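I have a structure here, written as structure tokens, and I will follow up with some questions on it.
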Amino acid sequence: MSSPLPASVLDLAPVVPVVVVDDPSDAVPLARALVAGGLPAIEVTLRTPAGLEAIRAIADAVPDAAVGAGTVITPEQVRESVAAGARFLVSPGWTDALLAAMRASGVPCLPGVSTTSEVVALLERGVREMKFFPAEAAGGTAYLKSLYGPLPQARFCPTGGIGPASAPGYLALPNVGCVGGSWMLPADAVAARDWERVEALAREAAGLRADSAQGSGAQV
């Protein structure tokens, strides 16, 4: 049986691995390595045909994982993801139709934004937690710092171009709950099925919250 989610997906772990699965047989050992390393929230993207099968496999075999679906862009994908066992949904952007389907799904969702107007529009609709994507290309930590002044009620999971060097800067911001990234899943390690290396990189990523708390103390 799956462990219960906290009040917010943003509070599961400092880093949400963004997973692209090509071979469904990799899904379960990969998820077990991430969970063992301290990253229980796993976003499996729907970028490949194996995405839904991977979500289903992880949901069935790794109860300590909170597996979610990423790159959700249609109401049909919302339904398919939840049916496969996704426990949260992440989109790179949103429309009213997609947002309605995500909110009606019964699981938490993080609609994607990259502009102030999109953030305001979601706040108007009662949504306070969002994905900020593509984070680095859309302005990075400087943009999120600027948003905090007028819109402190919005919280974000920045994703896109973030690595172990830049992640602590995001995590130090008061309006960032976690970051998304794939650096703990290097292509050569996944291809070699080197799950011990994945677990070690996940453990390093899981420690970034403490690192950011002891960091620069940047003013917002």
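Computed from a prediction, not measured in an experiment: that's the story for all the values here.
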- Task: Apply side chain to side chain contact (heavy atoms under 4.5 Å, CB included) to the pair Leu46 and Ile55, showing each step before the final yes or no.
- Result: CA-CA 9 Å; Leu46 302 185; Ile55 291 170; 4.0 Å; yes

- How far does CZ of Arg79 sit from CE of Met102, to the nearest 0.5 angstrom? 13.0 Å

- Message: Checking Asp22 now: which residues fulfil side chain to side chain donor-acceptor pair (under 3.5 Å) with it, not counting sequence neighbours?
- Response: none

- Val190 vs Asp23 side-chain heavy atoms within contact, under 4.5 Å: no

- Query: Has the side chain of Thr95 got a donor or acceptor atom that lies under 3.5 Å from a matching backbone atom of Leu98?
  - Reply: yes

- Message: Tell me whether Lys131 forms a cation-pi arrangement with Phe133, defined as NZ or CZ under 6.0 Å from the six-membered ring centre and within 45 degrees of its axis.
- Response: yes

- Note on the structure: Of all heavy-atom pairs linking Pro92 and Val72, the shortest is CD-O, 3.8 Å

- Separation between CG of Leu173 and CG of Leu147, rounded to the nearest 0.5 Å: 10.5 Å

- Message: Are Pro186 and Leu201 packed together at the side-chain level, in the sense that at least one heavy-atom pair is separated by less than 4.5 angstrom?
- Response: yes

- Task: Any chance you could measure Cys157, atom SG, to Phe88, atom CZ, to the nearest 0.5 Å?
- Result: 8.5 Å

- Message: Angle between ring planes, Phe132 versus Phe156, binned at 30° and 60°: parallel, tilted or perpendicular?
- Response: perpendicular

- Report, as yes or no, whether the 6.0 Å neighbourhood of atom CD on Glu76 holds more than 12 heavy atoms from other residues, nucleotides or ligands. no

- Residues Val67, Val62; criterion side chain to side chain contact (heavy atoms under 4.5 Å, CB included); working and verdict: CA-CA 9 Å; Val67 63; Val62 193; over 6 Å; no

- Distance from Leu12 atom CG to Cys178 atom SG, nearest 0.5 Å? 8.0 Å

- Item | Shared hydrophobic cluster for Val28 and Val21 (ILVMFWY, side-chain gaps under 4.5 Å) | yes

- Task: Please check if the side chain of Ser91 supplies one atom and the backbone of Gly112 the other of a donor-acceptor pair under 3.5 Å.
- Result: yes

- Message: Are Asp194 and Glu196 packed together at the side-chain level, in the sense that at least one heavy-atom pair is separated by less than 4.5 angstrom?
- Response: yes

- Message: Please tell me whether Glu136 and Tyr170 have a donor and an acceptor in their side chains that are separated by less than 3.5 angstrom.
- Response: yes

- Message: Quick check for you: to the nearest 0.5 Å, what is the distance between Asn175 atom CG and Ser146 atom OG?
- Response: 10.0 Å

- Does the side chain of Glu199 come within less than 4.5 Å of Leu34's, by heavy atoms? no

- Could you give the distance from CD (Glu53) to OG1 (Thr48), rounded to the nearest 0.5 Å? 10.0 Å

- Task: Could you check if a side-chain atom of Leu52 sits within less than 4.5 angstrom of a side-chain atom of Ser81, using non-hydrogen atoms only?
- Result: yes

- Please test Leu144 against Val176 for side chain to side chain contact (heavy atoms under 4.5 Å, CB included), starting from the C-alpha separation and ending with a verdict. CA-CA 8 Å; Leu144 288 172; Val176 170; 3.9 Å; yes

- Query: Are the side chains of Val35 and Ile42 in touch, meaning some heavy atoms are under 4.5 Å apart?
  - Reply: yes

- salt bridge (Lys or Arg N to Asp or Glu O under 4.0 Å) partners for Arg125, two or more places apart: Asp96

- Item | Minimal non-hydrogen separation, Met130 against Ala154, with atom names | CE-CB, 4.1 Å

- Any side-chain heavy-atom pair of Ser8 and Arg155 under 4.5 Å: yes

- Residues Ala121 and Trp94: closest non-hydrogen pair is CB-CZ2, 3.7 Å

- Message: Using only atom types and a distance under 3.5 Å, with no angle test, would you say the side chain of Glu118 pairs donor to acceptor with the backbone of Ser114?
- Response: yes

- Closest contact, heavy atoms only, Ala165 versus Pro168: O-CD, 3.6 Å

- Determine the minimum heavy-atom distance between Leu208 and Pro164, stating which atoms define it. CD2-O, 4.4 Å

- Message: Looking at every heavy atom in both Gly38 and Ala206, which two are closest together, and how far apart are they?
- Response: O-CB, 3.7 Å

- Message: Using only atom types and a distance under 3.5 Å, with no angle test, would you say the side chain of Arg203 pairs donor to acceptor with the backbone of Ala36?
- Response: yes

- Can you get from Ile73 to Val44 by hopping between Ile, Leu, Val, Met, Phe, Trp and Tyr side chains that sit under 4.5 Å apart? no

- Report the residues that fulfil side-chain contact (heavy atoms from CB on, under 4.5 Å) with Thr45, sequence neighbours left out, ordered by chain and then residue number. Val18, Val20, Glu43, Arg47, Thr71

- Query: Do Leu122 and Arg128 have side-chain heavy atoms sitting under 4.5 Å apart?
  - Reply: no

